[in-house]
Amino acid sequence: MSALMGRRRSKRARNLLPNYVILTLLLVFAIGPLVILAFNSVKSRAEIGRNPLGFPHAIQWSNYTRAWNVGNFSTTTVNSGILVVGTVICILLLGGMAAYSLAKLNPPGADGVMLYLLVSSSVPLYLFLVPLFFMWRSIGLVNNLFGLIPIYVAINAPLAIFLLRSFMLELPRDFEDAARVDGAGEWQVFARIVIPLTWPGFLTVGLVVALAVWNEFVLATVFLTDPSKFTVVTSYQNFVSSFTRDWGLTSAASVMMIAPILLIFLSLQRRFIDGLTQGGMKG
Amino acid sequence: MLPILLINVSVVLIPSLSSIYYSMTDWRGIGAAHFVGLDNFRRLFFDDPSFKHAFTNNVIWLMMFLTVPIAIALVAASLLAPIRRGALLFRMMLFIPYVLPSVITASLWRTLMDPDHGIMGKLNSLGVPGTEKALLGTKHTVLPAIAFIDNWHWWGFLMVLFLAAMQNIPPTLYEAAKLDGANRWQEFRDVTLPGIRPTLVFMILMTSIWSFLTFDYIWILTQGGPAGASEVLAVLVFKDAFQNFEAGYASAIGLTMSFFVGIIIMIFIMLRRRGWEI
């Protein structure tokens, strides 16, 4: 009887050690390659030849300055920055307005717009990429950062509108009505009441869109072919193919590219993960 | 509302519709497009061996992504769900590969898979068979190798989705299962899996769609090579449109891909109509 009770109890407080062991192995699988990357970024060429996976013996920081210059990071960072900032501002402003009117103003045809956004978010890129490229080229928007921004805005719009709308639906009507009674126009309601009260939604959408644009590869490859317009990502791709064997250099460039992402991700990880997973479930 | 709709219509809707027209022309991207009826589709389905090959690769890709990452993510999420101490740290760290740019993930693993250096080099020098060749440069290993790399950055995301779903399962169900003496496997099968079913089915749907559209890792790592061994449909679109200047033909391939995606969505809608709870 007591043995039975003992078994019962041990079952209730289940032993979690195997969980930790397996999860730690998975953690090594996920993070180990990044640790190797960081090690290699400070090794000399000769050392990588001898010791491609282990801890660095002599630290050589010059890989970073070389990678910054050879990889033309001073130009590409600015290009990527323009794309990210431009897209995020347009998405938050225009998408926020659209979400507000869909959530609160009941405009005619709102259901149709929601349906259209849902369908357009599931249209594969490869259906419209080819005509879009030649259309953009004929009006001079290829090799133009400001030609790429509207494409990013369009592609991220459905997700941004759905997420922002769901945040705004949770906002009690009384707040807006109070402002309207005080004589505020819709613009003022939007700018003074809705945005301040739903800023976590705006921040989440901004982060998700910024990450998507910073990392984007396909469209940036197609629409920006002039090296002076390369983004960090497309320039890296070119750079890696001309320095395939110089792992110290390419690793240093990689670390410079992912450092800002990791810093922002680690400091705002909960918002990031929530936004990305909701995006995955809805988009 | 209007400005963003206008942008979306001119970027997505108008080119999509014109793609349907161009798929029936011999358009080269510039100049006039001549209407050729269904010639492009006849060429695609009957005369172009690379189409059949690419389609097969998409199906293989689908099979790999419906099994491996979903299995790993399910295991990891169900191991992580009962944990309290350190759970957030695990969740965050396992999610990190997902936020990296694909070019970095690709080049990192290309070096790790290098047969002279890297992990493969290490295994090779220890005499493990099958590691002496470049996985990415050999015809029959290239596709699984790319899928492995893509999956390395993907499964953590799936795991977080499954984990969120598992945390919504009422704990009383687990307590009831424990009182009935269920072991870990029975608990997983009878409580966890049914509990996360909507998320699981939705991700199976999305995986099926994305498998037909996959492009970036393949393009970055091999551009479809060696000798076309890793070509998928999107790679064909890219090559035909921007390297061979056969924009009409590329539009036909793009339309065919969209058609496959449409079929997948229809199958799911039909299953749902038939009363499947998905």
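Letters A, B, ... are given to chains in the order of the sequence lines, protein chains preceding strands, and every chain is numbered from 1. Everything quoted here is computed from the prediction, not taken from an experiment.
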Per-residue contact mode, [X] against chain A (heavy atom under 4.5 angstrom):
X	value
B/F238	side chain
B/P97	side chain
B/R110	side chain
B/L112	side chain

Chain A contacts, top residue of B/F215, B/W219, B/Y98 (heavy-atom pairs, under 4.5 Å): B/F215
Heavy-atom pairs under 4.5 Å with chain A, option from B/S18, B/S107, B/G254, B/P101 with the top count: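 Heavy-atom pairs under 4.5 Å are most numerous for B/P101.
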Centroid-centroid distance, A/F133 to B/F242, less than 6.0 Å: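 Centroid distance A/F133-B/F242: below 6.0 Å, so yes.
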A/F134 and B/W27 aromatic centres sub-6.0 Å: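 Judged by ring-centre distance (under 6.0 Å), A/F134 and B/W27 do meet the cut-off.
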Plane angle bin for A/F29 and B/W152 - parallel if under 30°, tilted between 30 and 60°, otherwise perpendicular: perpendicular
Atom pair CD1 (B/I4) and CG (A/L93), whose distance is rounded to the nearest 0.5 Å: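 If we round to the nearest 0.5 Å, B/I4:CD1 and A/L93:CG are 9.0 Å apart.
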Let me know if [X] has heavy atoms under 4.5 Å from chain B in its side chain, its backbone, both or neither.
X	result
A/T24	both
A/L105	neither
A/V123	side chain

